[in-house]
Amino acid sequence: MLLRELTEIYEQVRATSSTREKIALVADLLRKTPSELLPQVCYMLRGRLFPDYSAQELQIGWSSLWDAVCSIVHISDDDLKAAYNRFGDLGSAIELVVTEKPKITVSLVSEPLTVEECYSALVKIATLGGKDSTRRKRAILTGLLNQSTPAEAKFIVKTITGDMRYGFKHSLLEEAIAQAFSVDVDVLRKAYMVRSDIGEVAQLAKEEPAKLKELTIVLGRPLRPMLADTAENLEEGFRRFDTALFEYKYDGARLSMHKRNERVTVFTREADEVSQSLPEIVADIRKIPHSFIVDSEIIPFEHSPKAFQELIKRLRRKYRVDEFARKIPVKVYVFDLLYLDGETLFDKPLLARRKLLQTLIEPSEHVEIANYVLTKSAAEARIMFQEALDLGYEGLMIKNPQSYYTPGKRGSEWLKLKPEAETLDLVVIAVEYGHGKRAHQLSDYTFATRDREDNLTPIVKAFSGLKDAEIAEMTEYFKGIAREQRGRTLIVEPRVVVEVKFDEIQKSSLYESGYALRFPRIKRIRWDLSVDEIDTIETVERIFKRQKRVA
Ligand code: AMP
């Protein structure tokens, strides 16, 4: 299949604002796609190379991309910067320069690029490791770009940066697959929930659609976690659900733990396997009979919950694991059961899953079941909220006891309630050198939210509220992902997501988003969130309206 067929559809989908048309265009493409290529095409349509259960990323630095472009066309650094500034997007900048500038070497291959060639070259870039890998990755990329048309070069670079910007969300891809192969979209969505692999599901939809209903969870393959919305206040829980289930909101990291016979695998929210760094947890889980998947939160704990930052020193640690296990004790609170001895439990109500969980896990030194309170009484819930804060937890989770488990979805079945000022998860798009003792540190950050067209749009600038050591560490990190320097400001790849606290949202013409945050403070860096998961302008507007109502 020619890459051109894919990029043409990409452009057409980008050009139309009609959702129906977008879906029809992609459905048509999928119908024409040979079965064995369907997974790859599905991943690439999402700006990815691998299924969601894979933690593998396409790692190529910004400077390698930049160098690759400079080595295929005659262009000065300044001209490339100017093109980049015009679009704010490297893919479109590259399309322009490859169209306008003469090539340095004529490509030896005159055949048009195929999807297969492009995909396998990108996979090679993603998986090459070891000495000299940067140079080899760059060489593969240069070859690929040299062989591609301007529109293809743009698509390739967008796939690499994951910055597709064509208003084609995952849910639309699901609808397109359902339409292409005439299968029920709900059946397809459920199949995707248990497999975390849209490519596999698309292929099955084409080949053996009847089997979609039979798909089951693969133990040891990470699932996408169910997500929570923000509750305005305690009463909201009662307004939404007649009786609500309350749990403490533990301030740590999400872990899903899979046990198959004797084998235990532990994954973070980003599908990274961290079993190796948590030997005491693995040992406790191994003692529990049965095969299962539980959902949980891990926190640093020594007599009481400790600061979240401590946890970072434990997760993903490969060396001196035992020493750090002693230094930084942790506890896991299990709050959900998703699979038990061959049965997927997504469609069982939360309360039933909780009851089963209670029969499965015997609390141990490092693994406990999260307590829950089921109540209709706001007074009782308020006491629990105060208790949570007194004990050092972050707040409460309010859950619908009748709700099903929906992997990857942020819905209103789970609500989080925190005490303090509002927070938003925003992505850093620019960083600036500070003043005085911070003159050599990148300490001022500009944050963006996502607008309705899926573009990143600035909303606030804040001095870093991080500790000195963290600022120094982040300064180095930001230098590594800098796209461009403008005076004392570095424009960076939108990778670092930060939880920003603020007192109020105001309308403002200062930023393109049309809003600004009053008294912003950085709460913490959210390494567990990707740029796809930041809060959008809809959330900003919702908080703004709510504040106006309250005021
Ligand atoms: P947030 O990350 O602020 O959107 O809040 C949701 C996160 O809270 C989940 O992804 C979990 O990592 C964490 N969490 C802590 N306690 C619980 C709980 N009892 N139930 C569900 N999630 C929890």
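Numbering of residues begins at 1 and proceeds along the displayed sequence. Whatever order the structure lists them in is the order used to number ligands and atoms, beginning at 1. What's counted below: heavy atoms across the whole structure, side chains too, no hydrogens, waters or symmetry copies.
Side-chain contact annotation: Asp284 with Ser364, donor-acceptor N/O pair under 3.5 Å present. Ser54 and Gln56 form no side-chain donor-acceptor contact under 3.5 Å, judged by distance and modelled atom types alone. A donor-acceptor contact closer than 3.5 angstrom links the side chains of Ser275 and Glu273.
Each ring pair (Phe, Tyr, Trp, His ring centres under 6.0 Å) pair with one or both residues in residues 267-298, not counting sequence neighbours, appears once here: His258-Phe267.
In this structure, the side-chain contact (heavy atoms from CB on, under 4.5 Å) partners of Ala205, at least two apart in sequence or on a different chain, are Ile177, Phe181, Val183, Leu188, Leu212. Partners of His170 according to the ring pair (Phe, Tyr, Trp, His ring centres under 6.0 Å) rule, which considers only residues two or more places apart in sequence or in another chain, are Tyr192.
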Distance dump, ligand 1 polar atoms to protein, N/O, under 3.5 Å:
residue  : atom   : partner : partner atom : Å
ligand 1 : 2 (O)  : Arg526  : NH1          : 3.4
ligand 1 : 2 (O)  : Arg526  : NH2          : 2.9
ligand 1 : 3 (O)  : Lys416  : NZ           : 3.2
ligand 1 : 4 (O)  : Lys416  : NZ           : 2.4
ligand 1 : 5 (O)  : Lys249  : NZ           : 3.2
ligand 1 : 8 (O)  : Lys249  : NZ           : 3.2
ligand 1 : 10 (O) : Arg254  : NH1          : 2.8
ligand 1 : 12 (O) : Glu297  : OE1          : 2.4
ligand 1 : 16 (N) : Tyr250  : N            : 3.0
ligand 1 : 19 (N) : Glu247  : OE1          : 2.8
ligand 1 : 19 (N) : Tyr248  : O            : 3.1
ligand 1 : 20 (N) : Glu247  : OE1          : 3.4
ligand 1 : 20 (N) : Lys399  : NZ           : 2.9

